[in-house]
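Remarks on the structure that follows.
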Amino acid sequence: MTDFCTVGRIHISTGNSKLGKLPNFSLPPIRTCPPGVPCGVPKQCYALNAWKMYANVRTCWTENFDAVTYAPQEAEQSLRAWLWEKQPEYFRLHVGGDFFDQGYFDMWVRICQAFPKTRFLVFTKAFELDMARAPENMWIYLSMWPGWREPSDEQLERFARAWMLDEKNPDPRIPEFAGACPGSCTNCKECWSTYVDKVFHKH
C-alpha cells in the first residue's frame with residue numbers, strides 16, 4: 001500500500017513496502033518511459049503492479065504527470081514547498097515512470113540544486129537526454145537491461161549503472177565489482193552513498 005501527501009496539484013508518496021519511509025515522486029509507467037524500453041510490458045514492469053492494484057496510485061501518478069506537463073511552474077513550486085518544509089535527507093524519483101523530456105529533467109536539476117542537503121536518487125533509461133548539468137546530490141543510475149541501447153561515453157564516465165539480473169538469461173556485461181541490492185531500502189541506503197554499479201534481481 002502507498003500513502004500520499006498532496007501539495008497543490010502534485011502527490012508525494014510517503015513510502016512503500018520496499019522503500020520504507022522514504023518520500024518519492026512518480027509518474028505513470030510506460031507512458032512516460034522512452035519508447036521501446038525492454039521492461040515496458042506488463043510482466044516486466046514492476047511499477048504496473050502498483051498501478052493496477054491501487055486506484056489511489058493510478059490517480060496520483062496520473063495527476064502528477066498532468067501537473068508537470070500542463071502546469072510545470074506550479075508543480076515545481078509545490079515540490080519546492082514540500083521539500084522546504086520536510087527537508088528530507090533522502091528522496092527517490094520515479095518508482096514509476098521516467099524523465100519524459102529535457103524540460104522535465106531540467107526541472108529536477110533546478111530542484112536538486114535548490115536543496116543540496118537532500119540526496120535525490122533516480123534510475124533512468126532516458127539516455128538521449130543531456131544530463132551534464134546534474135548536480136552532485138542528484139544520484140543518477142543508468143538502468144541497464146539486455147537489448148537496451150548503451151549510454152553515451154560522457155554518461156558512462158560520470159554515472160553508475162543499475163543492472164537487471166535475469167538468472168535464466170544473465171547479462172554478460174554485468175561487471176564483477178557490481179554490488180547486489182539486498183531488496184529493501186529501509187536499512188541500506190547504499191545507492192545514496194556508494195556510487196558504484198548495482199545489480200537488481202528481476203522482480
Side-chain angles (χ1 to χ4, degrees), residues 1-3 12-30 32-34 37-54 57 61 88-99 105 108 112 118-127 129 131 134-152 155-203:
M1 186 65 179
T2 301
D3 296 320
I12 297 171
S13 170
T14 54
N16 60 37
S17 58
K18 180 176 180 179
L19 294 178
K21 295 297 184 180
L22 288 171
N24 55 91
F25 180 86
S26 290
L27 300 173
I30 300 179
T32 59
C33 298
V37 287
C39 53
V41 293
K43 291 185 178 181
Q44 301 283 4
C45 180
Y46 73 91
L48 275 180
N49 294 333
W51 177 266
K52 291 179 178 179
M53 289 177 63
Y54 304 115
V57 169
W61 291 3
E89 184 177 0
Y90 303 101
F91 193 93
R92 169 73 191 273
L93 301 183
H94 304 153
V95 171
D98 205 334
F99 296 116
F105 177 86
W108 278 108
C112 292
T118 296
R119 299 186 184 190
F120 296 83
L121 173 68
V122 63
F123 300 87
T124 182
K125 296 182 182 71
F127 303 157
L129 299 181
M131 304 180 189
E136 291 184 359
N137 65 323
M138 191 176 189
W139 294 64
I140 296 175
Y141 282 83
L142 308 170
S143 187
M144 306 295 293
W145 275 62
W148 190 235
R149 60 177 175 266
E150 292 286 334
S152 69
Q155 291 168 347
L156 287 172
E157 287 179 3
R158 179 170 180 193
F159 305 119
R161 295 167 295 182
W163 297 91
M164 187 280 288
L165 176 60
D166 184 346
E167 297 286 0
K168 297 180 180 179
N169 186 28
D171 192 331
R173 300 174 300 168
I174 298 177
E176 293 184 359
F177 63 80
C181 172
S184 174
C185 299
T186 303
N187 298 315
C188 182
K189 312 276 193 318
E190 187 173 318
C191 290
W192 281 272
S193 58
T194 306
Y195 210 18
V196 296
D197 285 18
K198 305 292 191 304
V199 175
F200 298 83
H201 284 266
K202 186 176 180 180
H203 292 73

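Residues: numbered from 1 along the sequence shown.
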Between [X] and [Y], which heavy-atom pair has the shortest distance, and what is it?
| X | Y | value |
| --- | --- | --- |
| Thr32 | Gly97 | OG1-CA, 3.1 Å |
| Cys185 | Lys189 | O-NZ, 3.4 Å |
| Ser26 | Gly96 | OG-N, 3.0 Å |
| Phe127 | Met131 | CA-CE, 4.2 Å |
| Phe120 | Trp192 | C-NE1, 4.3 Å |
| Cys112 | Pro135 | CB-CG, 3.6 Å |

Inset, instruction - For the residue pair Phe200 and Phe123, categorise the inter-ring angle as parallel (less than 30°), tilted (30 to 60°) or perpendicular (more than 60°). - result: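 The arrangement is perpendicular - the two ring planes meet at more than 60°.
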Look up atom [atom1] in [X] and atom [atom2] in [Y], then write down how far apart they are to the nearest 0.5 Å.
| X | Y | atom1 | atom2 | answer |
| --- | --- | --- | --- | --- |
| Lys125 | Trp148 | NZ | CH2 | 8.0 Å |
| Tyr90 | Asn137 | OH | CG | 13.0 Å |
| Asp3 | Ile12 | CG | CD1 | 13.5 Å |

Legend entry - Audit row: Arg119, Ser193, side-chain contact (heavy atoms from CB on, under 4.5 Å) steps and yes/no: CA-CA 9 Å; Arg119 299 186 184 190; Ser193 58; 3.8 Å; yes
Legend entry - Cationic tip of Lys198 above Tyr141 ring, under 6.0 Å, 45° of axis: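 No - Lys198 does not lie over the ring of Tyr141 by the 6.0 Å and 45° rule.
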Legend entry - Full working for side-chain contact (heavy atoms from CB on, under 4.5 Å) between Thr124 and Phe159: CA-CA 11 Å; Thr124 182; Phe159 305 119; over 6 Å; no
Inset, instruction - Could you list the residues that satisfy side chain to side chain contact (heavy atoms under 4.5 Å, CB included) with Pro146, not counting sequence neighbours? - result: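 By the side chain to side chain contact (heavy atoms under 4.5 Å, CB included) rule, Pro146 matches Met164, Asp171.
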Inset, instruction - Answer yes or no: does atom CD of Glu150 have more than 12 heavy-atom neighbours from other residues, nucleotides or ligands under 6.0 Å? - result: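 More than 12 within 6.0 Å, yes.
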Legend entry - Validation row: Glu190, Cys181 side chains within 4.5 angstrom (heavy atoms):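 No, too far: nothing below the 4.5 Å cut-off.
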Inset, instruction - State which residues pass ring-ring contact (aromatic ring centres under 6.0 Å, His included) with Phe99; sequence neighbours excluded, sorted by chain then number. - result: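 So Phe99 forms a ring-ring contact (aromatic ring centres under 6.0 Å, His included) with His94, Tyr104, Phe105.
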Legend entry - Test log, rule side-chain contact (heavy atoms from CB on, under 4.5 Å), inputs Tyr195 and Ile140: CA-CA 9 Å; Tyr195 210 18; Ile140 296 175; 4.1 Å; yes
Legend entry - Check against side-chain contact (heavy atoms from CB on, under 4.5 Å), Trp163 and Asp197: CA-CA 7 Å; Trp163 297 91; Asp197 285 18; 3.0 Å; yes
